[in-house]
Amino acid sequence: MTEFYFVCLLLLLLASVFILLPLLRQQGSGSAEHNRQHMNVLLYRQRLAELDSEFQRGRHSQEQYDELKASLERSLLADAEAGTSANGAATQGPIVWLALLLVLALPLSAWFSYQQLGAQADWQIFELLETVGRQNAAGEDSSESLRQLSEDVSSRLQQKPEHIDYWMLQASAAMALDNYAEAAAAFKVLHDLEGGDGGDSNANLLAQYAQALYLAADRQMTPQVQALSDRALQLDPGQPTLLSIYSFEQGQFAAAIDYWQRLLPTMNPDSRNAQMVRAGIEQARAQLPADAQPPAPQAIAVGAASLTLAVALPADLQADPDASVFVFARPLQGSRMPLAVARLKVADLPATVVLDDSMAMTQAMRLSAFEEVEVIARISKQGIANPGPGDIEGRLTPVVVGASSKPLPLLIDRVIP
């Protein structure tokens, strides 16, 4: 960000030069014109005195004298008319002060415009997402970062109320903070943006919406939750979240345990949602007799939902060693929000990078939830994840998640025009 602000300062200084330089030149030319006009008046008076002296000595007749005097007066008048530009230049003082005020106002207006229309708010949200991901991966408490993230996203949504990814972020952050009513409200907006009940509904979205409403209603299967569940199950009969809730409410505890155990591998084991799912499993187990207990789930293979990448830069491409390198995976279709993000520097290349669920930005968008993804490695000149002119990137698409344990070669070899 420091480089970005330095470039902005240079551009503001350059813009100021374009404002001031023409006025200063005009002011200088006006001063020269004024001096020339004053000299013409002095020469006129001197020549008129000489003409009077010659006339008195009889060197000119009355007719010649009148003609020569008229010629001097015409010459002075012509110079005076041409010298009006000097008078105009003399009034340039207020304009120069106005220009100075504009120069001072330029950075303030530019900064205000960037705050309102630029991408700084998006960059701050991205940094908070990275912080939450690091804290979750390290098993640290991310509640404070999540609260700040929720506030920033809420402010950004006031400017971009149709930003689907931000509504999903808002809902996910609220779920992680146990603000189920707020999460349900955000999921409702997402549902409405997709056309409501008559639109092209997304089964996963309906499932999350139903879960938020269920938790907000103190774990009650309300008619609205039931309707959303039925619709999601109609679109996708394998929705484990809804099936587990429905089975538990119907007293089908073995089925509920089975569905929840399917859901656990897709979640961050340290997250609040994973803790609630484990609590639901234990509660369901307590309702079953000893001879009806389901078998314990098999251990999930570590790294099954991960991608290992061999990231490198060609020898013929040069980049700033301190420039940031963003390596991320994102869905092939739909939301373009990254599923896992790693950040390093050009000086670290070549490097082996592992993307997995611990790097997810939100619990709703995880690498393990997708079979195929697109993988991108980008060297950013401005230090931000969004692409810009002069950035260098490499892509792999489509990539099957967990298909190979060997590093996939990812060459950063294309300069963005």
Side-chain angles (χ1 to χ4, degrees), residues 121-122 124-126 128-133 135-136 142-197 199-219 222 224-225 227-229 231-232 235-236 239-242 244-245 263 266-268 270-277 330-331 334-341 357 360-370:
D122 300 308
Q124 291 174 344
I125 290 172
F126 180 80
L128 278 171
L129 283 172
E130 281 194 323
T131 301
V132 171
Q135 291 174 336
N136 288 337
S142 61
S143 57
E144 187 61 36
S145 299
L146 281 169
R147 276 190 285 270
Q148 185 62 52
L149 175 65
S150 180
E151 292 177 5
D152 289 358
V153 170
S154 178
S155 298
R156 195 57 168 156
L157 283 172
Q158 294 179 7
Q159 300 171 335
K160 296 184 176 182
E162 296 184 358
H163 200 306
I164 292 178
D165 288 342
Y166 280 173
W167 280 113
M168 181 61 74
L169 270 178
Q170 184 78 324
S172 299
M175 287 291 288
L177 292 169
D178 298 340
N179 297 330
Y180 304 124
E182 181 180 337
F187 281 125
K188 182 182 185 304
V189 174
L190 284 167
H191 182 237
D192 293 342
L193 287 175
E194 289 196 353
D197 295 332
D200 186 16
S201 300
N202 180 297
N204 187 50
L205 171 61
L206 290 174
Q208 295 180 78
Y209 184 16
Q211 183 186 26
L213 287 172
Y214 172 76
L215 294 172
D218 197 20
R219 299 179 179 273
T222 65
Q224 186 180 10
V225 174
L228 289 170
S229 301
R231 176 59 178 159
L235 295 171
D236 181 8
Q239 276 290 335
T241 303
L242 293 169
S244 59
I245 295 174
L263 183 63
T266 68
M267 308 176 71
N268 184 339
D270 298 320
S271 67
R272 295 281 296 172
N273 288 340
Q275 294 174 12
M276 287 190 297
V277 169
R330 66 186 183 186
S335 173
R336 309 304 281 167
M337 180 183 296
L339 305 171
V341 181
D357 282 354
M361 291 185 172
T362 71
Q363 300 299 324
M365 299 289 288
R366 305 180 66 78
L367 191 62
S368 58
F370 294 82

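Numbering of residues begins at 1 and proceeds along the displayed sequence. Worth saying up front: this structure is predicted, and the values here are computed from it rather than measured.
The CD atom of Glu144 sits 10.5 Å away from the CG atom of Leu128 when rounded to the nearest 0.5 Å. Summarising the geometry, atom CG belonging to Leu146 is positioned 10.0 Å from atom CG belonging to Leu169; distances are rounded to the nearest 0.5 Å. With rounding to the nearest 0.5 Å, the separation of OG in Ser154 from CD in Glu182 is 7.5 Å. Summarising the geometry, atom CE belonging to Met168 is positioned 5.5 Å from atom CG belonging to Leu205; distances are rounded to the nearest 0.5 Å. Between the CD atom of Gln211 and the CZ atom of Phe187 there is a distance of 8.0 Å, given to the nearest 0.5 Å. Taking CD of Gln148 as the reference point, atom CD1 of Ile125 lies at 10.0 Å (rounded to 0.5 Å).
Residues passing the side chain to side chain contact (heavy atoms under 4.5 Å, CB included) test with Ala186, sequence neighbours excluded: Trp167, Gln170, Ala171. For Asn179, the side chain to side chain donor-acceptor pair (under 3.5 Å) test picks out no residue, with sequence neighbours left out. Residues meeting the side chain to side chain contact (heavy atoms under 4.5 Å, CB included) test with Ser143, sequence neighbours left out: Asp141, Arg147, Leu177.
Taking 4.5 Å as the limit, every side-chain heavy atom of Gln208 sits out of range of all side-chain heavy atoms of Leu190.
Between Tyr209 and the choices His191, Lys188, Gln224, the side-chain hydrogen bond (donor to acceptor under 3.5 Å, both in side chains) rule is met once, by Gln224.
Scanning both residues, Ala184 and Leu213, for their nearest heavy atoms gives CB-CD2, 3.7 Å. Annotation for Ala210 and Leu228: closest pair CB-CB, 3.9 Å, computed over non-hydrogen atoms. Annotation for Leu157 and Tyr166: closest pair CD2-CB, 3.6 Å, computed over non-hydrogen atoms. Minimum heavy-atom separation, Ala181 to Ala216: N-CB, 3.9 Å.
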